[in-house]
Number of protein chains: 2
Amino acid sequence: MRLSKRSEYGLRALFDLADRTGKSPVSLKELAARNNLPFKFMEHIFLPLRNAGIVLSQSGAGGGYSLGRNPKDIFLGEIIRTLDGTIAPVSCVSQIAYEPCSCPDEETCPLRLVMNRVREAIVDIVDHTSLADAVAESKTNSNDHQETPT
Amino acid sequence: MRLSKRSEYGLRALFDLADRTGKSPVSLKELAARNNLPFKFMEHIFLPLRNAGIVLSQSGAGGGYSLGRNPKDIFLGEIIRTLDGTIAPVSCVSQIAYEPCSCPDEETCPLRLVMNRVREAIVDIVDHTSLADAVAESKTNSNDHQETPT
DNA sequence: TGTAATTCCTAGCATTATGATAGGAATAAT
DNA sequence: ATTATTCCTATCATAATGCTAGGAATTACA
């Protein structure tokens, strides 16, 4: 049930971008360096993200990428679907990339019934967690770990 | 977030086995034929299942496989872990196959926080759904689809 | 206008994971 | 004995994944 590196790297970079919304665009070079991600591979990740409107690009010196929308309105599910094509654990329960499995009757296939619930559980999280939510949760945690003066 | 074919085939075969608990052992040949699964590949799946005690094997003519425990006591999570090694979407949230990711601070890594919740959601389903549950649910559905005389 | 920094685009490579096959030894029922 | 099976190891083929290379196009700015 592994998340691909494409999605992992994409999400890491977008969390970082979300954290600097409003500032000037960030170059891939900088994003890669700061998040410890392979620069050249990142290009392949940001191309579909741009085509999907999740990020905006600006060419040339001083250029780079910025979020295409408010981080509150970009949900992780959309990012994963853009980069991996689907979220479903088996193709016969996918909403956007459905393909039949080997079971004779989908309605009564035990695997399908369970995996459909798994898909729903995953989707329920990733489609209700925005970039803003994820970053905010991270900051909450980092506050928890600080020594707060009384 | 795909489930591997190993786990898919293994689960399909075990659902079938669960449905005939108490009867004589079923040969791989029969299991493969009835469930449309590749026979030779199944051997590689049933070896670890046997080592894990999930199934019992009987060699020789008339032999085959049967469940090692009551289907109520075999949960899908155990099967998937046996066949795939782990359930977690990223290694840094895995309970049984933990490996660090590239994030500098795990406690505040947004990806890790979200993927940990995803892992919990998946595990909550597969560790609380037994073979018996899955088969029962399937039969409930097939009844729904029958014409019930009034 | 030139230079440097960037995205954009296509091609291709390397490695691993996955899915599957082959062949024969061991085991056991009949 | 014969037959049907598991057991075991080796191996292969393909696809997916992760990644690199190189250069064209674009843009800021000195």
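Because the structure is predicted, anything quoted here is derived from the model rather than measured. Numbers restart at 1 for each chain; the letters A, B, ... are given by sequence-line order, proteins then strands.
No donor-acceptor pair under 3.5 Å is formed between the side chain of A:Ser27 and the backbone N or O of A:Gly64. For A:Ser91 (side chain) and A:Glu99 (main-chain N/O), a donor-acceptor pair under 3.5 Å exists by modelled atom type.
Side-chain polar atoms of B:Ser4 and B:Asp84 form a donor-acceptor pair below 3.5 angstrom.
Atom CG in A:Leu37 sits roughly 9 Å away from atom P in D:dC19 (whole-Å rounding).
Side-chain to base pairing of A:Lys40 with D:dG22: one donor and one acceptor N or O lie within less than 3.5 Å of each other.
In the region residues 43-51 of chain B, proximity to DNA chain D at under 4.0 angstrom, judged on heavy atoms, holds for B:Glu43, B:His44, B:Leu47, B:Arg50. Near DNA chain D, defined here as any heavy-atom distance below 4.0 Å, the residues from residues 5-35 of chain A are A:Lys5, A:Arg6, A:Tyr9, listed numerically.
Classification of A:Glu78 and A:Arg81 as a salt-bridged pair fails, no side-chain N sitting under 4.0 Å from a carboxylate O. Salt bridge absent: B:Arg117 and B:Glu120 never bring a charged side-chain N and a carboxylate O closer than 4.0 Å. Classification of A:Arg12 and A:Asp16 as a salt-bridged pair fails, no side-chain N sitting under 4.0 Å from a carboxylate O.
Shown here for A:Phe75 and A:Ser130, the closest heavy-atom pair between the two residues is CD2-N, 3.7 Å.
For B:Gln58 and C:dA29, the shortest distance from a side-chain N or O to OP1 or OP2 is below 4.0 Å. Neither OP1 nor OP2 of C:dA5 sits under 4.0 Å from any side-chain N or O of A:Ser59. Phosphate contact (OP1/OP2 of C:dG19, side-chain N/O of B:Arg2, threshold under 4.0 Å): present.
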Does the side chain to side chain contact (heavy atoms under 4.5 Å, CB included) test come out yes or no for A:Leu37 and A:Leu31, once each step is laid out?
CA-CA 8 Å; A:Leu37 306 173; A:Leu31 272 180; over 6 Å; no

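Both A:Met42 and B:Phe39 sit near DNA chain D, but only B:Phe39 has its closest nucleotide nearer the 5' end. Between B:Pro38 and A:Gly60, the residue anchored nearer the 5' end of DNA chain C, judged by the nucleotide with its closest heavy atom, is A:Gly60.
In this pair, A:Phe46 and A:Tyr65 present their aromatic rings tilted. The plane angle is within the 30 to 60° band.
Nearest nucleotide to the side chain of B:Tyr65, out of D:dT26, D:dT6, C:dT21: D:dT6.
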